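All of these numbers come straight from a predicted model, not from anything done at the bench. Atom set for the values below is all heavy atoms of this structure, side chains included, hydrogens, waters and symmetry mates excluded.
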Amino acid sequence: MVMEKLTKLLAAHLDTDPGEINAETTFESLGIDSLDTVEMVMELEEELGVELELNEKVATVGELAQFIEKKLGK
């Protein structure tokens, strides 16, 4: 569920096909910098109704999805 939402959000943010984004996709390869990451995390917080304090470095879409799932207690 989280991976799906994250993929859709990234695809919309980058105006790309969600099928091109998977768990191993790095934010660097997508051209996403730390400011973009913060903006997306804020959007996800709003959508998921949870506070996500990114206090660790995440390099891939899968790592961010796992971080969010931990925060959601899943």
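- Counting heavy atoms from C-beta on, the side chains of V2 and L72 come closer than 4.5 Å.
- Taking CE from M40 and CD from E47, the interatomic distance works out to 13.0 Å, rounded to the nearest 0.5 Å.
- Between K71 and L52, some side-chain heavy-atom pair lies under the 4.5 Å cut-off.
- Between the side chain of E63 and the main chain of A59, a donor-acceptor pair closer than 3.5 Å is present.
- For the residue pair A11 and D17, the shortest heavy atom distance occurs at CB-C, 4.2 Å.
- Annotation: side chain of E45 is not in contact with side chain of V50 (no heavy-atom distance under 4.5 Å).
- The distance from the CZ atom of F27 to the CG atom of L64 is 4.5 Å, given to the nearest 0.5 Å.
- H13 places a side-chain heavy atom less than 4.5 Å from the side chain of E39.
- For the pair I32 and L10, the minimum side-chain heavy-atom distance is below 4.5 Å.
- Under the 4.5 Å side-chain criterion, counting only non-hydrogen atoms from C-beta, E28 is not in contact with D33.
- The CG atom of D36 lies 10.0 Å from the CG atom of L30; values are rounded to the nearest 0.5 Å.
- Between the side chain of T25 and the backbone N or O of I21, no donor-acceptor pair lies under 3.5 Å.
- Interatomic distance, CG of L6 versus CD of Q66, reported as 11.5 Å (0.5 Å rounding).
- To the nearest 0.5 Å, atoms CD (E51) and CG (L44) are separated by 13.5 Å.
- Heavy-atom minimum distance, E24 versus N22: N-OD1, 2.8 Å.
- Taking NZ of K57 as the start and CZ of F67 as the end, the distance is 13.5 Å to the nearest 0.5 Å.
- For the pair M1 and L48, the minimum side-chain heavy-atom distance is below 4.5 Å.
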